[in-house]
2 protein chains.
Amino acid sequence: MTRNVCLRNPQPIHDTLELVGGKWKMVILATLLERGDLRFGELQRAVGDITPRILSHELKQLEENKMITRRVYDTSPITVEYGITAYGRTLETVIVALFEWGVTHRQTIMHENAAETPEAGVKASSPFD
Amino acid sequence: MTRNVCLRNPQPIHDTLELVGGKWKMVILATLLERGDLRFGELQRAVGDITPRILSHELKQLEENKMITRRVYDTSPITVEYGITAYGRTLETVIVALFEWGVTHRQTIMHENAAETPEAGVKASSPFD
DNA sequence: CAGGATCCCATAAGATACTG
DNA sequence: CAGTATCTTATGGGATCCTG
C-alpha cells in the first residue's frame with residue numbers, strides 16, 4: 001500500500017494542509033464529491049453548521065486553488081452552482097481516508113464507552129445520525 | 001478504490017480533523033511513523049520549524065488521544081522518547097495519502113510555472129530539497 | 001536535554017444583521 | 001438566493017527567556 005513512498009521529509013504533508021487544511025475545506029470537497037454540483041444554500045445545509053460568511057470565504061479559496069468551479073446562472077433570483085474540478089477530485093484518496101478513519105474511530109470510541117459504562121454509550125448518539 | 005464507502009454525511013471527516021487537524025499533528029505522526037522512536041530534540045529537528053513550546057503542546061494532545069507514547073529514561077540528563085502507538089499507526093493510510101498528494105501537487109505546480117515562465121521555475125526551488 | 005513560563009499576535013471562525 | 005458588512009472571540013501558533 002505504501003509502495004515505494006518514503007516520507008522521511010514531511011514537507012509535502014505540510015503543503016497539502018496549507019491548501020486544504022482547516023476545519024471546513026475537506027468537508028466541503030467531500031460533500032461536492034459525493035453529491036455533485038450544489039448551490040450555495042444547498043451546500044450550507046449539507047455541510048452542516050457553517051455560517052454563510054465562512055462558507056463563502058472557504059469557497060473562494062478553494063476556487064482560487066482550482067479545487068472547485070463556480071457557475072452563475074442568470075435566473076431570478078440568480079443561482080450559483082459549485083462543483084468539484086478534476087483536480088479537486090485528485091484529493092479523493094485523502095478524503096476517503098479521512099472519512100474511513102473517522103468512522104472507525106467513532107466505533108472504537110463507542111466500544112470503549114460501552115465497556116466502561118455499560119448503560120450509557122449506546123444512547124449517547126446513534127452510530128450515524 | 002472507494003469501495004462501498006458513502007460519505008454523504010461528512011461528520012466523520014470533521015471528527016478526524018478534530019483529533020489530528022492543525023498544522024503539526026500529521027507531520028509529527030508521519031515523522032514518528034517513518035523514523036521510529038525519537039527524542040524531543042530529534043523530533044524537533046526532524047519536524048522542522050517548530051518551537052519547543054508548540055511541539056510539547058502537540059505531543060501532549062497526541063498522547064492524550066493514544067496516538068503516541070512517551071517514555072522517560074532516567075539518564076543524566078534525562079531523555080524522553082516518543083513513539084507512535086498501534087492506534088496511531090491506523091492513520092498511516094491518511095498520512096500516506098496526504099503525503100503523496102503533496103508530492104504530486106508540487107510537481108503540478110512546478111510544471112505550471114515551467115510552462116508559464118520557462119526560465120524560472122527550475123531554479124526557484126529544487127524538487128525535493 | 002526536555003521542556004515550562006510569559007507575553008504576543010495573526011488569523012480562523014462565529015454571531016448577527018443586512019443587501020442586490 | 002447568494003452572499004457582504006461589522007464586530008467579536010477563541011486559539012493556534014510563535015518569540016524569547018528560563019530551569020530541573
Side-chain angles (χ1 to χ4, degrees), chain A residues 10-11 13-29 31-32 35-65 67-84, chain B residues 10-11 13-29 31-32 35-65 67-84:
Chain A
Q11 184 65 28
I13 296 180
H14 194 279
D15 295 348
T16 304
L17 294 179
E18 257 184 22
L19 273 185
V20 288
K23 186 171 175 181
W24 295 114
K25 293 198 184 66
M26 292 281 202
V27 174
I28 291 170
L29 290 174
T31 303
L32 291 175
R35 326 244 295 223
D37 297 358
L38 291 177
R39 285 177 298 128
F40 190 88
E42 295 174 322
L43 199 44
Q44 185 178 3
R45 280 184 292 277
V47 164
D49 219 19
I50 192 173
T51 64
R53 175 180 140 71
I54 302 299
L55 179 56
S56 169
H57 188 238
E58 303 288 292
L59 289 172
K60 258 175 206 163
Q61 297 185 68
L62 287 172
E63 193 191 356
E64 276 172 17
N65 290 316
M67 299 295 181
I68 63 171
T69 57
R70 177 179 185 274
R71 286 185 301 281
V72 182
Y73 293 99
D74 199 5
T75 54
S76 93
I78 65 167
T79 53
V80 182
E81 269 197 1
Y82 293 91
I84 193 166
Chain B
Q11 183 65 29
I13 296 179
H14 193 279
D15 295 348
T16 304
L17 294 179
E18 259 184 21
L19 274 185
V20 288
K23 186 173 175 180
W24 296 114
K25 294 198 183 68
M26 293 281 201
V27 175
I28 292 170
L29 290 175
T31 303
L32 292 175
R35 328 244 294 223
D37 296 359
L38 291 178
R39 285 180 298 130
F40 190 87
E42 295 174 322
L43 200 43
Q44 185 179 3
R45 281 185 292 277
V47 164
D49 218 20
I50 191 171
T51 64
R53 174 180 139 72
I54 302 298
L55 179 56
S56 170
H57 188 237
E58 303 287 292
L59 289 173
K60 259 175 205 162
Q61 297 185 70
L62 288 172
E63 193 191 355
E64 276 172 16
N65 291 317
M67 298 297 181
I68 64 172
T69 58
R70 177 178 186 274
R71 285 184 303 280
V72 183
Y73 293 99
D74 198 5
T75 56
S76 97
I78 65 168
T79 52
V80 181
E81 269 198 2
Y82 291 92
I84 193 166

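Chain naming here is simple, since letters A, B, ... match the order of the sequence lines and numbering starts at 1 in each. Quick caveat, the model's predicted, so the values are computed rather than measured.
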Specify the separation, in whole Å, of atom [atom1] of [X] and atom [atom2] of [N].
X	N	atom1	atom2	result
A:H14	D:dG12	NE2	C1'	13 Å
B:Q44	D:dA15	CD	P	11 Å
A:L43	D:dA2	CG	C1'	12 Å
B:Q61	D:dT11	CD	C1'	11 Å
B:D49	D:dG12	CG	C1'	15 Å
B:I50	D:dG12	CD1	C1'	11 Å
A:E81	D:dC1	CD	P	14 Å
A:I68	D:dA2	CD1	P	14 Å

**Asked** In residues 16-29 of chain B, which ones come under 4.0 Å of DNA chain D, going by heavy atoms?
**Response**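 The stretch gives B:G22, B:K23, B:W24 as the residues lying under 4.0 Å from the strand, ordered by number.
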**Request:** Describe the nucleic acid contact of B:I78 in one word from base, sugar-phosphate, nothing, applying a heavy-atom distance below 4.0 Å.
**Result:**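 Touches sugar-phosphate only.
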**Request:** Output yes when a side-chain donor or acceptor of B:Q44 lies under 3.5 Å from a complementary backbone atom of B:T51, and no otherwise.
**Result:**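 Between the backbone of B:T51 and the side chain of B:Q44 there is no qualifying donor-acceptor contact (under 3.5 Å).
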**Asked** What closest approach, in Å, do B:L17 and A:G22 show between heavy atoms, and which atom pair accounts for it?
**Response**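 Nearest heavy atoms, B:L17 then A:G22: CD1-O, 3.7 Å.
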Phosphate-side-chain proximity, [X] and [N], N/O vs OP1/OP2 below 4.0 Å:
X	N	result
A:Y82	D:dC1	no
A:R53	D:dG3	no
A:T79	D:dA2	no

**Message:** As a quick check of understanding, evaluate side chain to side chain contact (heavy atoms under 4.5 Å, CB included) for A:L55 and A:I28, giving each step before the final call.
**Reply:** CA-CA 9 Å; A:L55 179 56; A:I28 291 170; 3.8 Å; yes
**Prompt:** Without hydrogens or angle criteria, can the side chains of B:N65 and B:Q61 be said to hold a donor-acceptor pair below 3.5 Å?
**Reply:**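 Their side chains do not contain a donor-acceptor pair, so the 3.5 Å distance test is not met.
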**Item:** side chain to side chain donor-acceptor pair (under 3.5 Å) partner of A:Y82, the single match among A:E63, A:R39, A:R70
**Value:**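 When A:E63, A:R39, A:R70 are each tested with A:Y82, the side chain to side chain donor-acceptor pair (under 3.5 Å) holds only for A:R70.
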**Request:** Using chain B heavy atoms and a threshold of under 4.0 Å, write down where along DNA chain C the contacts begin and end, 5' to 3'.
**Result:**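 Under 4.0 Å from chain B, the extent on DNA chain C is C:dC1 to C:dT6.
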**Asked** Given that A:P77 and A:E58 both sit by DNA chain C, which one's nearest nucleotide is further toward the 5' end?
**Response**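 Taking each residue's closest nucleotide, the earlier one in sequence belongs to A:E58.
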